[in-house]
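Predicted model only: the values in this text are computed from it and were never measured.
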Amino acid sequence: MDRFKREMSEVVHKYKKDCTIFYNAGHIGPCTKESRDAYSHFELESLASGAWGYLHFPITARYARTLGKDCMGMTGKFHTEWGDFHSLKNLAALEFECFRMLSYGFAASIGDQLEPNGTLGKAAYRLIGNVFGQMEEREEWARPSKALVEAAVLTNEDPNYEQQLSDSLMGASQMLEELAIQFDVIDSEMDFSAYPLLFLLDDFVVTESVRKKLDGYVKQGGRIIACAKGGLSEENKYPSCFGTEYCGETEQYPDFIVTAGALAAGLEPENEYVIYQQGVSLDPTAGKTILTARAPYFKREGDRFCSHRYTPSAKGAAYPAAVKNGNVILFSHPLFGQYRSNAPFWCKKLVSNAIDCLLPTRLVRHNGPSTMTVSLLDQEDKGRAAVHILSYIPVRKSATIDIVEERTVLHNVTLKLELPKAFSSARLVPENIPLPMENGSVTIPEINGYAIVELS
């Protein structure tokens with residue numbers, strides 16, 4: 001496939017050097033990297049109402065933008081997916097999908113299909129025009145631009161396959177977006193040094209060369225948060241910078257986090273929090289245990305029975321649930337996959353506390369809800385940055401797809417910004433409404449679905 005794309009692009013460019021070329025695909029990821037020079041740009045097909053869902057686009061977008069090509073998002077005007085004639089997507093849903101593309105600095109494409117008579121649907125183009133009209137007013141604060149990031153998630157996608165997004169990758173993306181962490185998705189061949197913080201997924205097993213690369217990254221000041229088997233080699237060894245040895249999978253689970261220490265800040269102090277999925281056993285060598293867990297009375301299986309789901313904590317001896325060694329924190333549990341499975345708040349809180357421990361200065365914090373997303377774009381040639389804020393809430397009100405029916409209006413949202421470059425003024429655009437800015441903090445009186453704050 002890679003060879004075909006390179007050869008075909010050469011043929012096309014013999015006839016028209018500036019012809020744009022994209023090879024249709026339902027996902028852009030590591031599978032695309034080797035042939036990226038055959039493309040003039042990337043088009044990220046991601047119908048939130050189709051098989052992709054609302055979580056697919058952020059993952060593919062965060063990876064695609066690292067490959068050096070201009071990017072365009074693609075959704076559809078229909079309620080479900082391709083082949084759904086005579087339906088219209090809710091206006092708020094189409095706004096959200098297109099505005100989200102813009103918030104990444106991407107162009108937008110809205111797919112439609114003609115009926116056999118070849119007549120364009122007027123209602124469809126009124127809907128599209130409504131959204132594109134709003135995008136036209138805001139596009140100059142998104143394109144061209146470069147994403148401001150502070151972290152990266154190392155994807156565990158197999159480059160030989162087009163779309164195999166793991167639960168841990170999806171859970172990490174969801175969690176970090178809710179925490180307003182500004183991050184890319186990268187693969188293990190890319191440069192780690194551009195990112196102050198790396199996240200290693202629960203099932204990110206590495207080669208020996210990548211293990212050494214991680215050691216070098218930490219030696220140069222890099223920080224790592226890993227979960228379960230994240231960073232483990234095929235020989236069952238963690239990088240030496242982890243200061244921890246792998247001792248196999250836990251035999252008794254679900255087990256229970258003990259709420260003591262900095263990583264448990266904000267959790268109920270007299271509660272033990274269950275982690276449903278099986279973790280690993282850790283033996284700290286150079287590292288220090290900073291979070292502990294306790295085992296259940298027994299694993300509920302076979303002829304050993306307790307209640308409907310699992311056995312509670314036996315209140316016995318505690319063992320390592322997280323180990324810190326310098327700039328590395330390793331959790332014993334698959335917190336990202338667990339978050340994808342049923343989104344326990346305490347898993348997100350543990351990771352957030354770990355981030356604060358390693359990266360106390362974040363690019364942005366806010367007092368808005370977790371459903372609000374924030375994206376930072378740098379427009380260096382214009383001497384400004386743009387903060388794109390989206391407030392739309394997909395709801396699973398049907399059996400098959402998430403629905404966005406209306407904008408969600410927020411009031412008095414405060415952003416605390418600590419950007420590489422200092423800015424002294426802020427305004428809402430394109431409305432041109434000045435906003436007071438003090439010590440990097442900006443308060444937005446109202447966000448009606450979508451707001452852009454220009455910093456200059």
*Asks:* Using the six-membered ring wherever Trp is involved, compare the ring planes of F4 and Y23 and label them parallel, tilted or perpendicular (cut-offs 30° and 60°).
*Replies:*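 Rings of F4 and Y23: perpendicular, over 60°.
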*Asks:* Among side-chain atoms of S456 and S425, is any donor-acceptor pair under 3.5 angstrom?
*Replies:*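 Yes, a side-chain donor-acceptor pair sits under 3.5 Å.
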*Asks:* Under 3.5 Å, is there a donor-acceptor pair linking the side chains of T66 and D184?
*Replies:*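 Per modelled atom types, T66 and D184 side chains form no pair under 3.5 Å.
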*Asks:* Ignoring hydrogens and geometry, is there a side-chain-to-backbone donor-acceptor pair from H388 to W141 under 3.5 Å?
*Replies:*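 Yes; at least one donor-acceptor contact below 3.5 Å.
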*Asks:* Would you call K382 and E140 a salt bridge, using N to O less than 4.0 angstrom?
*Replies:*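 Answer for the salt bridge query: no.
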*Asks:* Using a strict threshold of under 4.0 Å (side-chain N to carboxylate O), is an ion pair present between K229 and E249?
*Replies:*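 Between K229 and E249 there is a salt bridge, with a charged N closer than 4.0 Å to a carboxylate O.
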*Asks:* Are more than 12 heavy atoms, taken from residues, nucleotides or ligands other than F22, located less than 6.0 Å from that residue's CZ atom?
*Replies:*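 Yes, the 6.0 Å shell around CZ holds more than 12 heavy atoms from other groups.
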*Asks:* Among all residues two or more places apart in sequence or in another chain, which pass the side chain to side chain donor-acceptor pair (under 3.5 Å) test with K212?
*Replies:*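 In terms of side chain to side chain donor-acceptor pair (under 3.5 Å), with neighbours along the sequence ignored, K212 is linked to no residue.
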*Asks:* Charged N to carboxylate O below 4.0 Å: is that the case for R396 and D402?
*Replies:*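 Answer for the salt bridge query: yes.
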*Asks:* Which heavy atom in L55 sits nearest to a heavy atom in Q174, and how many Å separate them?
*Replies:*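 For L55 and Q174, the tightest heavy-atom pair comes out as CD1-OE1, 3.6 Å.
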*Asks:* Does the side chain of S441 come under 3.5 Å of the side chain of N439 through a donor N or O and an acceptor N or O?
*Replies:*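 S441 vs N439: no donor-acceptor pair found between side chains.
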*Asks:* What do you reckon, is CD of E268 surrounded by more than 12 foreign heavy atoms closer than 6.0 Å?
*Replies:*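 No - once you tally the heavy atoms of other residues, nucleotides and ligands closer than 6.0 Å, there are 12 at most.
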*Asks:* Taking the side chain from D167 and the backbone from R340, do they hold a donor-acceptor pair closer than 3.5 Å?
*Replies:*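 No; judged by distance alone, with no hydrogens or angles, the pair does not exist.
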*Asks:* Any side-chain to backbone donor/acceptor pair from S375 onto S103? Under 3.5 Å, distance only.
*Replies:*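 Answer holds: yes.
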*Asks:* Do the ring planes of F336 and F199 sit parallel (below 30°), tilted (30 to 60°) or perpendicular (above 60°)?
*Replies:*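 Geometry flag for F199 against F336: perpendicular rings.
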*Asks:* Measuring from S370:OG to K348:NZ, what's the distance to the nearest 0.5 Å?
*Replies:*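 Nearest 0.5 Å value for the OG-NZ distance: 4.0 Å.
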*Asks:* Using side chain to side chain donor-acceptor pair (under 3.5 Å) as the criterion, list what pairs up with Q278, not counting sequence neighbours.
*Replies:*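 Not a single residue meets the side chain to side chain donor-acceptor pair (under 3.5 Å) criterion with Q278.
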*Asks:* Quick one: which residue pairs count as a salt bridge (charged side-chain N to carboxylate O under 4.0 Å, His left out) with a foot in residues 446-456, not counting sequence neighbours?
*Replies:*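 Residue pairs with at least one partner in residues 446-456: R384-E454, R427-E454.
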*Asks:* Check whether any side-chain heavy atom of S332 lies under 4.5 Å from a side-chain heavy atom of T250, and answer yes or no.
*Replies:*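 No, their side chains stay 4.5 Å or more apart.
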*Asks:* Does a donor on one side chain sit under 3.5 Å from an acceptor on the other, for Y276 and N342?
*Replies:*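 Not at all, the side chains of Y276 and N342 share no donor-acceptor pair under 3.5 Å.
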*Asks:* Report yes if the distance between the aromatic ring centroids of Y54 and F96 is under 6.0 Å, otherwise no.
*Replies:*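 Ring centres of F96 and Y54 closer than 6.0 Å.
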*Asks:* Does N325 form a side chain to side chain contact (heavy atoms under 4.5 Å, CB included) with T244? I'd like the steps, not just the answer.
*Replies:* CA-CA 8 Å; N325 188 46; T244 308; 5.7 Å; no
*Asks:* Is the shortest distance from a Lys or Arg side-chain nitrogen in E301 or K299 to a carboxylate oxygen in the other one below 4.0 Å?
*Replies:*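 Yes, this pair counts.
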*Asks:* So, are E380 and K421 salt-bridged, with charged N and O less than 4.0 Å apart?
*Replies:*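 Here E380 does not pair with K421 in a salt bridge, since their nearest N and O are not under 4.0 Å apart.
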*Asks:* Answer yes when E177 and R62 have at least one side-chain N-carboxylate O distance shorter than 4.0 Å, and no when they do not.
*Replies:*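 Result for this pair is yes, salt bridge flagged.
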*Asks:* Nearest heavy-atom pair of A61 and F106: which atoms, and what distance?
*Replies:*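 Between these two residues, the closest heavy atoms are CB-CE2, 3.5 Å.
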*Asks:* Can you see whether Y450 engages E95 through a side-chain donor-acceptor pair at a distance of less than 3.5 angstrom?
*Replies:*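 Looking only at side-chain atoms, E95 and Y450 do not form any donor-acceptor pair under 3.5 Å.
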*Asks:* Is any NZ, NE, NH1 or NH2 atom of the basic residue among R100 and E97 found under 4.0 Å from an Asp or Glu carboxylate oxygen of the other?
*Replies:*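 Salt bridge flag = no for E97 with R100.
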*Asks:* Show the nearest heavy-atom pair for residues F423 and G383, with the distance to one decimal.
*Replies:*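 Minimum heavy-atom separation between F423 and G383: CE2-O, 4.0 Å.
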